[in-house]
Number of protein chains: 2
Amino acid sequence: MEAVLTEAVALLDESGESALTFRALAGRLRTGVGSIYWYVSGKDELLDRAADHVLADVLADTEQLAAQDDPIDGIRAIAITLFDAVADRPWLGGYFMRDTGVQPNGLRLYERLGQQALRLDLTARQRFHAVSAVLGYVVGIAADLGQQPPQEILDGEVDRDEYLGRFVAQWRALDPVEFPFLHEITDEFEGHDDAEQFVAGLDLLLAGLRLQAGR
Amino acid sequence: MEAVLTEAVALLDESGESALTFRALAGRLRTGVGSIYWYVSGKDELLDRAADHVLADVLADTEQLAAQDDPIDGIRAIAITLFDAVADRPWLGGYFMRDTGVQPNGLRLYERLGQQALRLDLTARQRFHAVSAVLGYVVGIAADLGQQPPQEILDGEVDRDEYLGRFVAQWRALDPVEFPFLHEITDEFEGHDDAEQFVAGLDLLLAGLRLQAGR
DNA sequence: CCGTACATCGAACACTGTTCTATCGTATAG
DNA sequence: CTATACGATAGAACAGTGTTCGATGTACGG
C-alpha cells in the first residue's frame, strides 16, 4: 500500500501526470495491474491518495511555523511552504484542492491555517472566508504554474527562457495602443520569478486581512 | 468551424468534460471524427479554443464595466463577471488559465484588467503582480468549485444540501480539541453561498491593493 | 487436511485520441 | 466540356487507456 503511493508519486514527479498509468505503475512495482485495484478503487482515488501522501510532508514542514508571534505571519509562512511544495510538483495543483475537506492531511492543513485565523479578532464567517481565500489563491497560482511546458522543454530541447521568450515576442508584436498594459508588463514578465510573484499577491491578500482584523 | 466550437461548448455545459469526445462531437455534428481534425489539431487545441470561445461572452459583458469611476471597482466588477461565467461552467476553470497569454480573448481579458490597474499609482512590477494575483485568485476559487459533484448529484439522485451535509457530518465527528477551527467553520459552511465567499476573499485582496495604491 | 480469508495476477472489454487513406464536391484553367 | 487541383468529408484501423473478472496463489486457525 505504502509502496503503491510512493511509487505513484515518483512517477508523477519524474514525468508528469500522463506518465502515471496503471500498467507503468504495475511495472515499477513488479506486479500486475489487477493488484493495484485491491488497494485502490480506481484512478481517481489513486490520485487523491497520492496527493494527500505528499501533503503529509508539507504538514510536517509547517509543524513549527504555527508558533509564529503574529498569526498572519503564521498564515503567510504556511501558505509559502504549501506553494513551494506545489511549485516543484505541478501535478499537485489540480488535485489537492479536491482533497481539502475529504482527505486526512488536506483537512489538517486546512485546520492548521484556520488555527492561525482563530487568533485573529474576526467573526466566524470572516475567518471562514479568509482561510478559503488564502487557500484558493495558493491553488490558483499553483494551477497557473501547473500547466506543464509542452514537452519540448521537458525534453530539454528548448531552454525555458527561450520558451518564455516566445510569449514575450508575441506580446511585443501587438498593437501598443490597443494593448498598453501588456506592453508595460512584458519587461516585468521577462525573467520574472514565480515565487516572488506569488508572495507579492499573497501579501496583498494578507494586507487586506490585517486591515479587517484591525492589526 | 464555428459550429464545432459551439457544439463542443454545448457538450461540455451539458455533461461535463468527460462527455466531450471526438465521437460524441462528430455524432452531434452529423459528421465523421476525421473532419474535426481538419479544423483542430487535437483535443488540447479543441479545449483551448472552446474555452476561449466562451471568454468572448465574458469579454462582451465586461465591455462597459471598464468605465467605472474607481479603477479598483472596475477590477472588482470584471473579476466578478469572470467568476460568474466560470461558476456555471465548471470545466472552464482548468482551461482558461492556459489560455491567458496565448489565446486572443484570454489576452484581451488580461489586458482589460490591466488597463484598470494602469489607472492606479503603482510601479509596473506592482501592477503586474496585482493583476496576476486577482486572476490567480479567480482561477483558484473557480477550480475549487470546478470539482464536479460525483455523478450522484448530477443525476439528481442526491440533493446538493444532503451532499454537503455529509461533509459537515464528517467534520462534526472530529475531535473538537484537535480541530477547533473546523468545528467553528461547520456552521458557516452549511448553507454557504459560493459567490458570497468569492467576493469576500476578493475584497480582502482588493483592500490590500487599495492600501498599496494609496487610495 | 480442510477451508476461509487475504492477496495476486493478467487476459479481455469498452472506450479513448489520433492517423491514414479514399472519396467527394466544386471552382478554375486549358 | 473536360481536366486538374484543392478544400473538405468520412470512417476504418491503431495504439493506448482505465476497469472488470475469474483463476490462482498463500497463509493460518480449526
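Just so it is clear: chains get the letters A, B, ... in the order the sequence lines come, proteins before strands, and each one is counted from 1. All of these numbers come straight from a predicted model, not from anything done at the bench.
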Pair of N/O donor and acceptor under 3.5 Å linking dG18(D) base with Arg23(A) side chain = yes
Starting from C1' on dT16(C), measure out to CG on Leu46(B) and report it in whole angstrom.
-> 14 Å
Lys/Arg-Asp/Glu bridge criterion (N-O < 4.0 Å) met for Glu188(B), Arg127(A) = no
Measure from OH on Tyr37(A) to P on dA11(C) and round the result to the nearest Å.
-> 16 Å
Hey, is the side chain of Tyr39(B) poking within less than 4.0 Å of OP1 or OP2 on dT9(D), counting only N and O atoms?
-> yes
Looking only at dT8(C), dT18(C), dG18(D), the nucleotide nearest the Phe22(B) side chain is dT18(C)
Take the protein atom CD of Glu45(B) and the nucleotide atom P of dG17(C), then report the distance between them rounded to whole Å.
-> 15 Å
Which nucleotide in the set dT20(D), dG11(D), dG7(D) lies at the smallest distance from any side-chain heavy atom of Trp38(B)?
-> dG7(D)
When all nucleic acid strands are considered with a 4.0 Å heavy-atom cut-off, which category describes Thr21(B): base, sugar-phosphate, or nothing?
-> sugar-phosphate
For Lys43(B) and Phe22(B), indicate whether the former's side chain and the latter's backbone hold a donor-acceptor pair under 3.5 Å.
-> no
Note: Arg172(B)-Glu190(B) ion pair, threshold 4.0 Å (strictly below) = yes
In whole angstrom, give the distance that lies between atom CG of Asp44(B) and atom C1' of dT18(C).
-> 12 Å
Of Lys43(B) and Gly34(B), whose closest DNA chain C nucleotide lies nearer the 5' terminus?
-> Lys43(B)
Quick one: are Val131(B) and Phe181(A) in side-chain contact, heavy atoms under 4.5 Å?
-> yes
When we call it a touch if two heavy atoms are under 4.0 Å apart, what does Leu20(B) touch: a base, just sugar-phosphate, or nothing?
-> sugar-phosphate
Trace of the side chain to side chain contact (heavy atoms under 4.5 Å, CB included) decision for Leu107(B) with Val102(B) | CA-CA 7 Å; Leu107(B) 259 187; Val102(B) 194; over 6 Å; no
Scan Ile36(A) against the nucleic acid and name what it touches under 4.0 Å (heavy atoms): base, sugar-phosphate only, or nothing.
-> nothing
Mind calculating the distance between CE (Met1(B)) and C1' (dA8(D)) to the nearest angstrom?
-> 14 Å
Can you tell me how far P of dT9(D) sits from CG of Leu29(B), to the nearest Å?
-> 10 Å
